[in-house]
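These notes concern the structure reproduced below.
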Amino acid sequence: MKTGFILLLLISLFASFIDLSNPSVDYSFIGFYFLVIMFVINLAIYVVNKLKKIIQLLKMRTESRSSLYSGVGLHLSLFAVHAGIALLFLGNILDLGLGYSQRVELRPGESFTLPGSRTVLRLEDFRIDYYQDGSPSQYTSKVLVTENDQEVTYDITVNHPLEISGSKIYQESYGWIVNIEIGDGNNLKKYFVKPGDEVGLENRKIEIVRYFMNFVPGKMPEKGVTGAPAVMYYMSQKNLTGVAKLGEKIKISDNQFLTFVDKQAFTVLKVKNSPGLTIVEVGGILLMIGIVLVFSFMHKKSMQFNDFCKDVAQ
């Protein structure tokens with residue numbers, strides 16, 4: 001297993017210097033995956049050799065049944081440990097190569113297709129439930145799933161994902177789309193922006209900094225329930241920060257006004273496909289069983305050695 005330890009050390013070093021969350025195609029990632037595959041092959045060879053050793057021990061004739069079972073048990077536990085580690089790595093390789101994780105933002109009426117399938121999800125409605133202090137307690141996405149010419153409606157909530165077509169769809173978070181109008185009384189332009197986005201005009205830019213669900217001047221935003229919806233905006237040219245309440249017209253230049261017209265919540269779903277998940281789960285179970293058995297048989301061997309020392313001393 002010296003080769004295995006060297007490969008594991010190299011894998012650890014590679015993982016310390018590369019960003020696995022951004023798998024751009026370069027030689028560092030090719031080298032990393034090559035090392036991982038070689039490590040799995042090395043473990044597989046070790047597991048096969050252990051299995052051969054167990055079969056040889058079972059075929060041996062010995063007068064001491066306890067020593068036979070102890071030897072077989074120790075090899076079997078080591079077999080489980082290494083097989084579990086191999087399956088953990090193999091499952092993760094499958095996830096990296098064949099799986100995917102995608103973040104999807106949808107407004108009611110919008111839809112998307114699951115990667116690698118013809119399953120279409122359409123967001124019918126998105127609901128946010130609140131506590132009495134105004135903080136959100138639950139997000140619910142009502143989706144219409146079209147699969148094989150059949151339509152079924154599901155509710156996706158936090159901690160209750162939807163599993164369909166081999167993928168799991170989680171309710172991750174939510175956000176707001178703000179509808180604002182900018183212009184004079186005769187020429188108005190509508191903009192749909194997210195907090196943090198900028199609106200580019202002819203000679204200036206306006207950033208919509210934040211949306212407040214309950215804004216009360218002079219108080220912490222969103223802590224009370226008596227405030228009004230509002231948006232905070234920032235104009236870098238004037239170094240000016242202001243707040244526009246729902247329906248309020250704010251003068252931003254000599255002949256231009258900003259009006260906060262409406263807002264709409266959008267859902268943020270996380271679509272995840274993990275083809276190696278079952279393999280990882282089996283590997284984890286094998287690894288835990290093997291570790292428990294290793295400590296158990298090592299303890300028995302230690303007890304037998306102590307008994308032998310006592311007999312020699314007498």
Side-chain angles (χ1 to χ4, degrees), residues 1-18 20-21 31-99 101 159 161 163 166-168 170 272-314:
M1 282 299 292
K2 289 182 180 179
T3 305
F5 283 118
I6 294 172
L7 288 171
L8 188 59
L9 178 62
L10 291 174
I11 290 170
S12 302
L13 291 173
F14 261 80
S16 301
F17 292 104
I18 61 176
L20 293 176
S21 64
F32 176 79
Y33 294 138
F34 174 76
L35 288 174
V36 171
I37 293 172
M38 292 302 295
F39 180 68
V40 172
I41 293 173
N42 182 265
L43 283 174
I45 294 172
Y46 181 88
V47 166
V48 171
N49 290 334
K50 275 295 174 187
L51 190 60
K52 290 180 180 178
K53 185 68 175 179
I54 292 170
I55 295 173
Q56 289 176 359
L57 286 172
L58 291 173
K59 290 181 178 180
M60 288 177 59
R61 295 182 179 181
T62 177
E63 297 178 358
S64 176
R65 286 284 180 181
S66 61
S67 62
L68 175 62
Y69 292 148
S70 179
V72 172
L74 183 58
H75 283 289
L76 191 61
S77 60
L78 292 173
F79 168 84
V81 168
H82 290 85
I85 295 173
L87 289 176
L88 287 174
F89 273 86
L90 181 61
N92 280 282
I93 290 173
L94 287 176
D95 280 349
L96 288 170
L98 303 177
S101 180
N159 298 325
E163 188 168 359
S167 300
K168 279 191 175 182
Y170 299 87
K272 192 171 184 180
N273 181 279
S274 301
L277 180 61
T278 303
I279 296 175
V280 169
E281 291 174 345
V282 173
I285 294 171
L286 269 178
L287 180 61
M288 288 188 291
I289 293 174
I291 290 173
V292 171
L293 290 176
V294 166
F295 279 105
S296 174
F297 285 110
M298 291 298 291
H299 178 70
K300 287 182 179 180
K301 277 188 170 293
S302 177
M303 294 292 292
Q304 291 174 356
F305 180 74
N306 290 336
D307 293 339
F308 173 76
C309 292
K310 289 179 181 178
D311 294 337
V312 171
Q314 292 177 357

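Since the structure is predicted, the reported quantities are computational estimates derived from the model, not experimental observations.
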Show me, pair by pair, the donor-acceptor contacts under 3.5 angstrom made by side chains of residues 86-97, not counting sequence neighbours?
| unit_1 | atom_1 | unit_2 | atom_2 | d |
| --- | --- | --- | --- | --- |
| N92 | ND2 | L88 | O | 2.7 |
| D95 | OD1 | G276 | N | 2.9 |

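Considering NE2 of H82 and CG of L287, their distance stands at 10.0 Å, rounded to 0.5 Å. Here CE of M288 is found 12.0 Å from CG of L293. Values are rounded to the nearest 0.5 Å.
E281 places a side-chain heavy atom less than 4.5 Å from the side chain of L277.
Of the possible polar contacts, one joining the N49 side chain to the I45 backbone as a donor-acceptor pair under 3.5 Å is found.
In terms of the side-chain contact (heavy atoms from CB on, under 4.5 Å) criterion, residue partners of I285 (sequence neighbours excluded) are, by chain and number, I289. Residues forming a side-chain contact (heavy atoms from CB on, under 4.5 Å) with A80 (at least two apart in sequence, or on another chain): L286.
Here the closest non-hydrogen pair linking L98 and N273 is O-OD1, 4.3 Å. A83 approaches V47 most closely through the heavy-atom pair N-CG2, 3.6 Å.
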